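Predicted model, so just to flag it, every value in this text is computed and none were measured. For the numbers below, each heavy atom of this structure counts, side chains included, while hydrogens, waters and symmetry mates do not. Just so we're on the same page: letters track the sequence lines, and every chain starts at 1.
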Number of protein chains: 2
Amino acid sequence: MDLSLQQLRGFVAVAEELHYGRAAQRLNLTQPPLTRQIQGLERTLNVRLFDRTGRGVRLTAAGGVFLEHARRVLALLEVAPEATRRAADGTTGTLRLAFTAIGAYAVLADFLTMVGKRTPGVTAELTELVSPAQFEALANLEIDVGLVRPPIPAQFESLLVHSEDLVLAVPVSHPLALGAGAVSLVDVTDDYIGYSPEGSQYLHDICAAMIGMDRYAVSQLASQVPTMLALVRAGLGCALIPRSIMAMGVEGVRYRELDAADAHSVTLHACWSPDNPNPALQRLAESLRLDPHLTT
Amino acid sequence: MDLSLQQLRGFVAVAEELHYGRAAQRLNLTQPPLTRQIQGLERTLNVRLFDRTGRGVRLTAAGGVFLEHARRVLALLEVAPEATRRAADGTTGTLRLAFTAIGAYAVLADFLTMVGKRTPGVTAELTELVSPAQFEALANLEIDVGLVRPPIPAQFESLLVHSEDLVLAVPVSHPLALGAGAVSLVDVTDDYIGYSPEGSQYLHDICAAMIGMDRYAVSQLASQVPTMLALVRAGLGCALIPRSIMAMGVEGVRYRELDAADAHSVTLHACWSPDNPNPALQRLAESLRLDPHLTT
DNA sequence: ATGGACCGATACCGTGCTTGCATGGCAGCC
DNA sequence: GGCTGCCATGCAAGCACGGTATCGGTCCAT
C-alpha cells in the first residue's frame with residue numbers, strides 16, 4: 001500500500017482530538033473508516049502511531065514525528081492552489097527581461113521601477129543581449145520582454161521607452177575637445193569610430209546616414225559603447241554616442257553637443273510577443289496598453 | 001473535488017516528460033487515466049497547467065509554480081515514513097531529562113555525553129526538578145529520565161550514576177577554617193545548617209543521622225546548595241555538602257575533609273519508568289542494561 | 001494534396017477500494 | 001454486575017479509478 005491524503009487527514013484529526021469519534025465528526029465521516037485509515041497507515045509505515053489504552057488513545061513518539069510531517073504536507077497542499085492561481089493570473093511570477101548594453105545605462109533602472117509599480121509581486125530575471133538576439137529569444141519564448149532598438153519585426157508588440165539624441169565623443173587631444181557649444185559634423189575632419197552593422201545595426205545605419213557612408217567606412221568598428229569610448233580615448237577618432245552615455249565619465253574623453261541640423265534622435269523600445277503565455281507579461285502588457293505613460 | 005496524491009504524481013510525471021504516453025509508462029499506467037488526472041487537477045485549481053499544442057504539451061507559468069509545490073509535497077511524503085520509523089525504533093527522538101540542582105554540578109555534563117554516545121541522534125530536553133517532583137513527572141510520562149537521590153520507588157528502573165562523600169563547609173571566620181587535614185564532626189561545636197526534609201529528604205536524613213537529630217534541629221534549613229553556601233558565608237554555621245560542590249569556589253567559605261569515621265557517601269541515580277513508551281528511552285535503557293559502565 | 005504516424009481526449013465497462021450500518025470486544029465507573 | 005464509552009470488525013452498497021477501444025487534431029512525407 002501507499003500513503004493517501006485521506007489517511008493523513010484522518011491521522012491529523014485523530015492525533016488532535018485523541019478520539020476517533022470526534023475526529024470522524026470533524027471530517028464528516030463515521031468512525032469505522034477512520035479506524036481503518038489509521039490501521040492502513042500503521043501497516044504501511046510498520047509503526048504503531050497510537051497507544052490504545054482502552055480509554056481513548058495517546059500518540060506514540062513515532063506518531064508525534066509523523067504528525068509533524070503530515071501537518072507540513074497538508075499545509076503545503078493548502079497553499080499550493082492559491083499560489084498557482086496567483087501565478088496564473090499574473091499576480092505573481094517571473095518576467096525574463098533582456099536589454100542591450102547601451103539601453104542598460106539609460107532606462108533599465110527606471111523600467112524596472114515601472115514594472116515593479118505596475119505588477120508588484122512579479123520578479124525580474126535580467127539578461128544582456130543585442131537586439132537581434134533579443135528578437136530571437138522573444139520568438140522562442142526564452143525571454144518575455146526586450147529593451148531593443150528599431151526596427152522591430154511586425155510580429156511583436158512594442159512601446160517607445162526612451163528617446164535621446166547623439167553627442168560627439170572626442171579625445172582630449174583633439175582640437176574639438178577644447179571648445180564649448182555645439183559643433184557641426186563637417187568640422188570633424190579625421191576618422192569616425194563606427195558601430196558594427198551586425199551587433200548594432202540601428203546605430204550603424206543612423207550614424208552612417210548622418211556623416212556619410214564614405215567617411216564612416218574608414219573608421220574602426222565596435223558594437224559595445226565602452227569599447228568605443230576606449231577607442232576614442234586612445235585617440236583613434238571621434239564617435240557618435242547616445243547622450244545618456246555621458247553619465248559615464250571616461251578620463252581622456254570629452255563630449256560635444258551637435259548642431260541642431262545634425263541632431264538625430266535614437267530610440268529604445270520595450271518589446272514583447274503578444275502570444276507569450278506568461279501571465280505576468282500579459283498583465284504588464286495590458287497595463288501598458290491602458291496607460292502607456294511610463295512614469296506612472 | 002479535492003487534490004489527490006495520484007493527481008500530483010501524475011502531474012509531476014507529465015510535467016517532466018512533457019508527454020502523456022511516456023509519463024503514463026513511467027507510472028505503470030495507461031494514458032487515459034493520466035489525461036483525466038490532469039483534467040481533474042485543472043478543474044480543481046481552475047487553472048490551465050499545460051498548453052496543448054497538438055504536438056506534445058508545454059507547462060504554463062502556473063504549471064511551473066504548481067510543479068514546485070507538487071515536488072515539495074511528494075518529497076516530504078517520501079521522507080516521512082523513514083523519519084517515523086527512525087523515531088519508532090529510537091534512532092532519533094527526544095529524551096526529556098530532569099536533574100536536581102545538586103546533581104547538575106557533578107554529573108549532568110558527563111551524563112549527557114554518555115547519552116550522546118549511546119543514542120546518537122537523540123536530543124535532550126532539560127528540566128530542573130527536586131527528586132520527589134521527578135518521580136511524579138516520571139510516572140506521568142512528563143519526563144523520560146531523572147537524575148535523583150534515593151530512595152527510589154520500586155516501580156522505576158535505575159542505575160547508580162555517581163557516588164561521593166560529604167565535606168564540611170565552614171565560614172572563614174570559623175576556628176576550623178584555618179587548619180588542614182581531616183576534622184571530626186564532634187569538633188564542630190556551633191550550629192549546623194541543614195537540608196530541608198521536604199525538598200532534599202535524602203540529604204536531610206543522612207546529615208541528621210551523621211550529626212545527631214538534636215544538634216541538627218537547631219540549625220537553619222535550606223534545600224538549594226547555593227543557598228546553603230550563602231548561609232555558611234554569612235557565618236550562620238557549618239554545612240555538610242557533597243564533595244563535587246567544592247568545584248564551586250565561594251568567597252568566604254572554606255572546605256574541610258571529614259574523618260574516615262564520619263565519612264558517609266551520598267549517591268545519585270539515573271531513574272526511568274520501564275513502561276515509558278518513548279523509544280529513545282527504551283533504546284537507552286537497553287543499552288544501559290547491557291553495559292552499565294557509564295564511561296563507555 | 002493526401003495518407004500515415006503521433007498524440008491527447010472521450011466513451012464505456014469492469015473491478016476493487018472505501019464508506020456506512022450494525023455489531024462485537026474491552027476497559028473503566030457507579 | 002450492569003452500564004457506558006470507545007475502538008475494532010463483518011458485511012453490503014456505492015463510487016471512483018483503471019483498462020480497452022476509438023475519436024479528432026496536427027505534423028510530416030510522399
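Comparing D:dG19, D:dA8, C:dT19 by their nearest atom to the side chain of B:T30 picks out D:dG19. Closest to the side chain of B:R36, out of C:dT19, D:dA8, D:dG18, is D:dG18. The side chain of B:V57 sits closest to C:dG8 out of D:dC7, D:dG18, C:dG8.
Distance B:D2 CG to D:dC17 P: 11 Å, rounded to the nearest Å. Between the P atom of D:dC6 and the CD atom of A:Q39 lies a distance of 18 Å, rounded to the nearest Å. In this structure, A:L34 places its CG atom 8 Å from P of C:dT19, rounding to the nearest Å. For the pair A:L5 CG and C:dT18 P, the interatomic distance rounds to 13 Å; values are reported in whole Å.
Under the 3.5 Å distance criterion, with hydrogens and angles disregarded, no donor-acceptor pair is assigned to the side chains of A:D51 and A:T53.
In this structure, A:L29 reaches the sugar-phosphate backbone alone: every heavy-atom distance under 4.0 Å involves primed, P, OP1 or OP2 atoms, never a base.
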| request: At under 4.0 Å between heavy atoms, which parts of nucleotides 22-30 of chain C does protein reach? Answer with one letter per nucleotide, 5' to 3': B base, S sugar-phosphate only, - none. | output: B--------

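Here B:Q6 does not reach the OP1 or OP2 of D:dA16: none of its side-chain N or O atoms lies under 4.0 Å away. The phosphate of D:dA8 (OP1 or OP2) has a side-chain N or O of A:T35 nearer than 4.0 angstrom. Distances shorter than 4.0 Å separate some side-chain N or O of A:Q37 from OP1 or OP2 on C:dT19. Side-chain N/O atoms of B:R52 include none lying less than 4.0 angstrom from OP1 or OP2 on C:dC7.
A salt bridge is defined here as a Lys NZ or Arg NE, NH1 or NH2 lying under 4.0 Å from an Asp or Glu carboxylate O, and A:R9 with B:D2 meets this definition.
The local environment of CD in A:E142 is crowded, with over 12 non-hydrogen atoms from other residues, nucleotides or ligands closer than 6.0 Å. Applying the 6.0 Å contact sphere to CD of A:Q155 captures more than 12 heavy atoms from other residues, nucleotides or ligands. Counting heavy-atom neighbours within 6.0 Å of B:Q25 CD, excluding the residue itself, gives a total of 12 or less. Crowding of A:R85 atom CZ: a count of heavy atoms from other residues, nucleotides or ligands under 6.0 Å exceeding 12. Environment of CD in A:E128: crowded, with over 12 heavy atoms of neighbouring residues, nucleotides or ligands closer than 6.0 Å.
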